[in-house]
Protein chains: 2
Amino acid sequence: MVRGKTEIKLIENTTRRQVTFSKRRSGLFKKAFELSLLCDAEVAAIVFSPTGRLYEYSSTRHDPLSLSLKISS
Amino acid sequence: MVRGKTEIKLIENTTRRQVTFSKRRSGLFKKAFELSLLCDAEVAAIVFSPTGRLYEYSSTRHDPLSLSLKISS
DNA sequence: AACACTATTTATAAAGG
DNA sequence: TCCTTTATAAATAGTGT
């Protein structure tokens with residue numbers, strides 16, 4: 001149960017890192033939700049796991065749009 | 001100093017709401033930073049204030065791209 | 001993997017300068 | 001408005017199931 005101050009640096013142990021990822025991701029999205037509601041703000045949070053999985057939170061529902069994107073350097 | 005549990009609903013008082021917005025926005029970005037570092041994740045958070053001001057956090061520096069966007073319904 | 005527990009750290013609301 | 005203080009609520013690391 002939380003021994004000592006946690007250092008903010010990469011968690012080497014895979015299992016611990018995954019558990020922390022899940023817990024803190026939830027915590028982040030909760031904070032985002034609270035901020036939007038308390039302060040009438042629009043908030044979005046986007047998280048990519050190291051394996052490229054996407055997790056996202058948005059305070060607002062938006063109708064999906066059809067986008068075509070042209071990217072030049 | 002924090003009397004009782006804070007209800008998560010719109011803060012009506014403008015001054016209090018602005019102070020809370022500032023504090024919690026910082027808190028959110030800090031959590032985003034910690035998540036990215038602890039778990040090697042890419043994290044972005046975007047906040048619009050009620051007046052439309054933009055605040056953003058990104059765990060990663062990306063080269064700016066020139067984008068042209070075509071939106072159809 | 002996902003839930004429960006809980007000691008402890010961390011965030012933060014309100015107040016004061 | 002911005003910093004500091006501090007009491008208290010909230011998040012969470014490690015453990016157990």
Side-chain angles (χ1 to χ4, degrees), chain A residues 1-69 71, chain B residues 1-69 71:
Chain A
M1 319 78 173
V2 189
R3 329 190 175 110
K5 180 171 138 123
T6 3
E7 270 190 275
I8 303 301
K9 59 166 205 173
L10 181 64
I11 299 169
E12 303 286 353
N13 181 282
T14 303
T15 304
R16 288 209 312 114
R17 187 173 62 250
Q18 286 172 347
V19 171
T20 294
F21 180 68
S22 171
K23 286 182 177 181
R24 280 181 173 259
R25 181 167 35 82
S26 299
L28 183 73
F29 288 171
K30 185 179 181 188
K31 290 289 191 184
F33 160 73
E34 293 180 349
L35 177 60
S36 72
L37 197 51
L38 287 166
C39 304
D40 188 31
E42 293 198 69
V43 182
I46 300 165
V47 179
F48 288 98
S49 74
T51 58
R53 202 185 306 253
L54 168 66
Y55 302 87
E56 59 186 318
Y57 166 82
S58 171
S59 61
T60 321
R61 292 289 112 227
H62 290 293
D63 290 334
L65 294 169
S66 172
L67 303 178
S68 65
L69 192 56
I71 305 180
Chain B
M1 319 75 176
V2 188
R3 329 190 176 110
K5 183 172 137 123
T6 359
E7 270 190 275
I8 303 301
K9 58 165 205 172
L10 181 64
I11 297 170
E12 302 285 353
N13 182 282
T14 303
T15 304
R16 287 210 311 116
R17 186 172 63 250
Q18 285 173 346
V19 171
T20 293
F21 180 69
S22 171
K23 286 184 175 179
R24 281 183 173 258
R25 180 166 37 82
S26 300
L28 183 73
F29 289 170
K30 185 178 180 188
K31 291 289 191 185
F33 161 72
E34 292 181 348
L35 178 61
S36 71
L37 197 50
L38 287 166
C39 303
D40 187 32
E42 293 198 69
V43 182
I46 300 164
V47 179
F48 288 99
S49 74
T51 58
R53 202 184 306 252
L54 167 67
Y55 302 88
E56 59 186 317
Y57 166 81
S58 170
S59 61
T60 321
R61 293 289 114 227
H62 290 294
D63 291 332
L65 294 169
S66 172
L67 303 178
S68 65
L69 192 56
I71 305 180

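Here is the naming used below: chain letters follow the sequence lines, and residue numbers restart at 1 for every chain.
When all heavy atoms of A:Ser36 and A:Ser59 are compared, the closest pair comes out as CB-CB, 3.5 Å. Of all non-hydrogen atoms in B:Phe29 and B:Ala45, the two that sit nearest each other are CE2-CB, 3.7 Å.
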Under 4.0 Å protein heavy-atom contact, by nucleotide of nucleotides 10-17 of chain D - B base, S sugar-phosphate only: SSBBBS--
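Taking 4.5 Å as the limit, every side-chain heavy atom of A:Ile46 sits out of range of all side-chain heavy atoms of B:Glu42. The shortest distance between side-chain heavy atoms of A:Val43 and B:Arg25 does not fall below 4.5 Å.
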side-chain contact (heavy atoms from CB on, under 4.5 Å) between A:Leu28 and A:Tyr57, intermediate numbers included: CA-CA 9 Å; A:Leu28 183 73; A:Tyr57 166 82; over 6 Å; no
Intermediate values then yes/no, side-chain contact (heavy atoms from CB on, under 4.5 Å), B:Phe21 and B:Ile11: CA-CA 10 Å; B:Phe21 180 69; B:Ile11 297 170; over 6 Å; no
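Reading DNA chain C from its 5' end, the first and the last nucleotide to sit under 4.0 Å from a heavy atom of chain A are C:dA1 to C:dT12.
With sequence neighbours left out, B:Arg24 forms a salt bridge (Lys or Arg N to Asp or Glu O under 4.0 Å) with A:Glu34.
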